[in-house]
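Encoded as structure tokens, the structure appears first; notes follow it.
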Amino acid sequence: MHGIKALHSVLIASLLCLPHVLQAQSRPLQPTQRLIPEKIIIDTDIGDDVDDAFAAALALRSPELEIVGISTTFGDTETRAKLLDRLLGETGHENIPVAMGNPTEIGGQFTQRRYAEGGHFARVSHPKAVDFILEQIRRYPGQITLLAIGPLVNIGALIDRDAETFLKLRRVVLMGGSIERRYGDLGYAKPRGPEAEWNIKNAIPSARKLFASGVSIFMMPLDSTQLKLDEVKRAILFQAGTPLTDALTLLYHEWGQETPTLFDVMTIAYILDPKLCPVKPMRIWVDDEGFTRVVTGAPNAQVCLDSASEAFFRFYIPRVTGH
């Protein structure tokens, strides 16, 4: 009899707890509650335009991501690596590996050289970018997203060295190309037509290899990435007073222009919240001038043609400032 009463009490207690259990199980996981962060490698020409630094900042502030490493590409890759050494060191992320791509004679205008050559965080040496990236892909097959936010020099070199291993990437998320809108066309009027975009036209053979590689590609072209960080938004960001926002403030002033366009940042934002830049399947072909043409045939990329600038900044600024 006592056993029956005890069992009855347990059943009643279980039923009383059931609604709370069901409620907890039905509650969707938020992005920051992902059990396993997505592994990423960022391939960047940081130091010319300033948007690369703003992209790195978003990645550093996102627990949904595990930055396996950052590699430098195009032009003076050694000084780019030194810039990253300082940025990572001053923000408490000196444990993130920095790999150096092969330098190229042609490069952009390195506007943030003084920052790169200052500080006390320069590393003794950096691994070679191609060796490092291939090693990480082999270590984590099918798990790494490669973010290509500079000219695709390292991408072409990876495919040339080991196309089979390159295919074991989870995906490539690319800032590059132009489908309907060119530089300065912010989407407020009828499209003025495409233009050869920087990251593609400075590495046309590599771009062709990427689109022919068979790897999963998510492409953020000029059409969806001309996101203007205006004076009001800059004030909110720069007044946060964190080591990261202070570094961005300094890099912005060394860049020396007024309103940055955060082209590259959309690649990180897309990974964190795909709704910010909806994609559609297309087949992309790169012509001799570096235009990314849409052609008939089986899709080889998922392409974002439009994004909501205000939604992007409402996501970006609180995330980077921590407010």
Side-chain angles (χ1 to χ4, degrees), residues 43-49 51-52 71-77 80 101-110 129-130 133 146-164 166-167 169 171-187 190-226 261 263-264 266-267 277 279-306:
D43 189 58
T44 173
D45 61 340
I46 194 169
D48 294 349
D49 203 346
D51 57 324
D52 297 72
S71 56
T72 62
T73 185
F74 194 64
D76 187 352
T77 53
R80 298 192 198 285
N102 290 330
T104 61
E105 292 184 6
I106 299 174
Q109 181 182 0
F110 206 118
V130 172
I133 296 171
L146 179 59
L147 289 126
I149 59 173
L152 301 174
V153 178
N154 287 339
I155 307 301
L158 286 165
I159 296 170
D160 288 341
R161 174 79 68 81
D162 191 341
E164 184 178 351
F166 185 79
L167 273 175
L169 284 166
R171 57 180 171 174
V172 172
V173 181
L174 162 72
M175 190 280 124
S178 167
I179 306 301
E180 298 176 344
R181 298 189 183 277
R182 60 184 59 201
Y183 287 107
D185 184 350
L186 305 183
K190 184 178 179 181
R192 302 204 304 267
E195 183 175 354
E197 183 273 330
W198 178 261
N199 290 341
I200 302 293
K201 73 179 181 181
N202 280 294
I204 293 172
S206 293
R208 287 174 169 167
K209 291 170 186 175
L210 173 61
F211 285 105
S213 69
V215 76
S216 180
I217 300 170
F218 292 79
M219 176 178 168
M220 315 286 125
L222 294 180
D223 308 65
S224 57
T225 57
Q226 299 193 64
T261 306
F263 302 100
D264 294 338
M266 183 53 82
T267 58
C277 209
V279 296
K280 60 176 64 176
M282 296 182 180
R283 184 164 189 84
I284 302 297
W285 173 72
V286 181
D287 72 13
D288 293 339
E289 296 179 342
F291 283 76
T292 46
R293 307 292 189 185
V294 180
V295 296
T296 58
N300 59 357
Q302 299 287 329
V303 184
C304 175
L305 294 181
D306 193 22

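The figures here come from the full heavy-atom set of this structure, side chains too, leaving out hydrogens, waters and symmetry mates. Computed from a predicted structure; not experimentally measured.
Under the 3.5 Å distance criterion, the side-chain polar atoms of Arg283 are left unmatched by any main-chain donor or acceptor of Asn300. Side-chain N or O atoms of Thr292 include none that pairs as donor or acceptor with a backbone N or O of Ile284 at under 3.5 Å. Checking side-chain atoms of Asn199 against main-chain N and O of Gly176 turns up no donor-acceptor pair under 3.5 Å. Here the side chain of Ser71 pairs no donor or acceptor atom with the backbone of Ala129 at under 3.5 angstrom. Side-chain N or O atoms of Asp185 include one that pairs as donor or acceptor with a backbone N or O of Arg192 at under 3.5 Å. Looking at Arg182, its side chain does come within 3.5 Å of a backbone N or O of Pro194 through a donor-acceptor pair.
Residue pairs meeting the salt bridge (Lys or Arg N to Asp or Glu O under 4.0 Å) criterion with at least one member in residues 148-158, sequence neighbours excluded, do not occur.
Heavy atoms only, all atoms of each residue included: Ala157 and Val130 are closest at CB-CG2, 3.6 Å.
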> Run the side-chain contact (heavy atoms from CB on, under 4.5 Å) check on Phe74 and Ile106 step by step: do they pass?
Replying inline: CA-CA 8 Å; Phe74 194 64; Ile106 299 174; 4.1 Å; yes

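Annotation: Asn102, atom CG; neighbour count of heavy atoms from other residues, nucleotides and ligands within 6.0 Å does not exceed 12.
Residues forming a ring pair (Phe, Tyr, Trp, His ring centres under 6.0 Å) with Phe110 (at least two apart in sequence, or on another chain): none.
Paired with Arg80 under the rule side chain to side chain donor-acceptor pair (under 3.5 Å), one option of Thr73, Asp52, Asp48, Thr72 passes, and it is Asp48.
Salt-bridge formation is not detected for the pair Asp306/Lys280: no Lys NZ or Arg NE/NH1/NH2 atom is positioned less than 4.0 Å from an Asp or Glu carboxylate oxygen.
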